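Comments concern the structure below.
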Amino acid sequence: MAAKADSSEGEIREDFLGRVAILAPGRAKRPHDFKAEVPKKTTPKSKCFFCPGNENLTPPEIERTSLPSKKGWQNRVFSNKFPALNKGWHRAYGMHEVLVETPEHSKTLSQLSENEIFLYLKMAAKRLKAHAKDKKIKYTSIFKNEWEAAGASLEHTHTQLVGMPFVPPYVKQQQKACKKPCHFCSINKNKKFPKIYSNSNFTLLCPYVSKYKYELWIVPKKHIGSIVDMDDKTLLLLAQILSIALKTQDSYLGYPPYNILFHLSPHHSKGFHMHLSITPRIAKWAGFEHQTGVIMNSVRPEIAAEEYKVNLIK
Ligand SMILES: [Zn+2]
Ligand SMILES: [Zn+2]
């Protein structure tokens, strides 16, 4: 459906994480202006480092998920060929891994089944546990860059894990927001965070201060720190809502470049309330954003949530 016009006045907003945005409605390119087509992947499978048959082109495999019903692997993990951090480096100690989510070259994450997404999340949790065994690793950043404009250097869909010897400042800010009374626990009752969909354990919503227009958050209803703390039933519910979020975003915004950011607890730390953010990169950060750290957003999160809700794909 066509997006509603928003001719209301601008507004300055700040959230409990210290994020500030200026809502400047009326300047937006609307979603119906975007093409709802899956962008074509141009690398031939024979030349793709991440395709089955080319396993010898990646650094040695660390883990793989195999299914009895399927030949080969469903997902696999190996070290990044060009790591940012390395266990052998004294001044940049850490781990940098790649998790290939599917053997199928042409598929995007939103095109995987709920069970395939569940297996992907389960593998990410397994690697987190392995990272936590190294006491020098304090935090593992998990993120996904989808399409080149969101930072992906290879088009076969994949996720990266960076185990680092310190807790990043933004994560420390999140830790503060998780102290009692936890802001994430009360988010379901907070009208500033417009809801789109929920299942028994998770809520899909638009954040009050969106870093990117049409940004999405998935927040657990209970105070839970990480995917490593979830049983299979809960992880499957997370896979279900992540699948709905990605399918809806991709179809409504026309397969935009985007990032998935896993905001998870630092290792060996208690009290965190995790969430996932999905940030479509349909608007570029310009000089103002880089200079001030304040974001200009032309779509109100409550309007984005309303549009997502009527275009929801389950
Ligand atoms: Zn491939
Ligand atoms: Zn909480």
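Remember, it's 1-based here, ligands and their atoms both numbered in the order they're listed. Since we're looking at a predicted model, the values are computed, not measured.
- Distances from the Zn ion (ligand 1) under 2.8 Å pick out these protein N/O/S atoms: C48 SG, C51 SG, H105 ND1, H156 ND1.
- Checking each of W217, Y258, W285 against Y212 for a ring-ring contact (aromatic ring centres under 6.0 Å, His included) leaves exactly one that passes, namely W285.
- For the Zn ion (ligand 2), protein N/O/S neighbours under 2.8 Å (waters excluded) are C182 SG, C185 SG, H223 ND1, H273 ND1.
- The shortest distance between side-chain heavy atoms of V219 and F202 does not fall below 4.5 Å.
- Contact annotation: the side chain of V299 approaches that of N297 to within less than 4.5 Å [non-hydrogen atoms, C-beta and beyond].
- Under the 6.0 Å cut-off for aromatic ring centres, F16 and F184 qualify, their centroids lying closer than that.
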Worksheet item: Can you list the steps and then say if F49 with H156 is a ring pair (Phe, Tyr, Trp, His ring centres under 6.0 Å)?
Response: CA-CA 8 Å; F49 295 132; H156 192 129; over 10 Å; no

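- Counting heavy atoms from C-beta on, the side chains of L238 and F118 never come closer than 4.5 Å.
- Checked by atom type, the side-chain pair S277/T279 shows no donor-acceptor distance below 3.5 Å.
- Between the side chains of S79 and H96, not a single donor N or O lies within less than 3.5 Å of an accepting N or O.
- In this structure, K221 contributes its side chain and N199 its backbone to a donor-acceptor pair below 3.5 Å.
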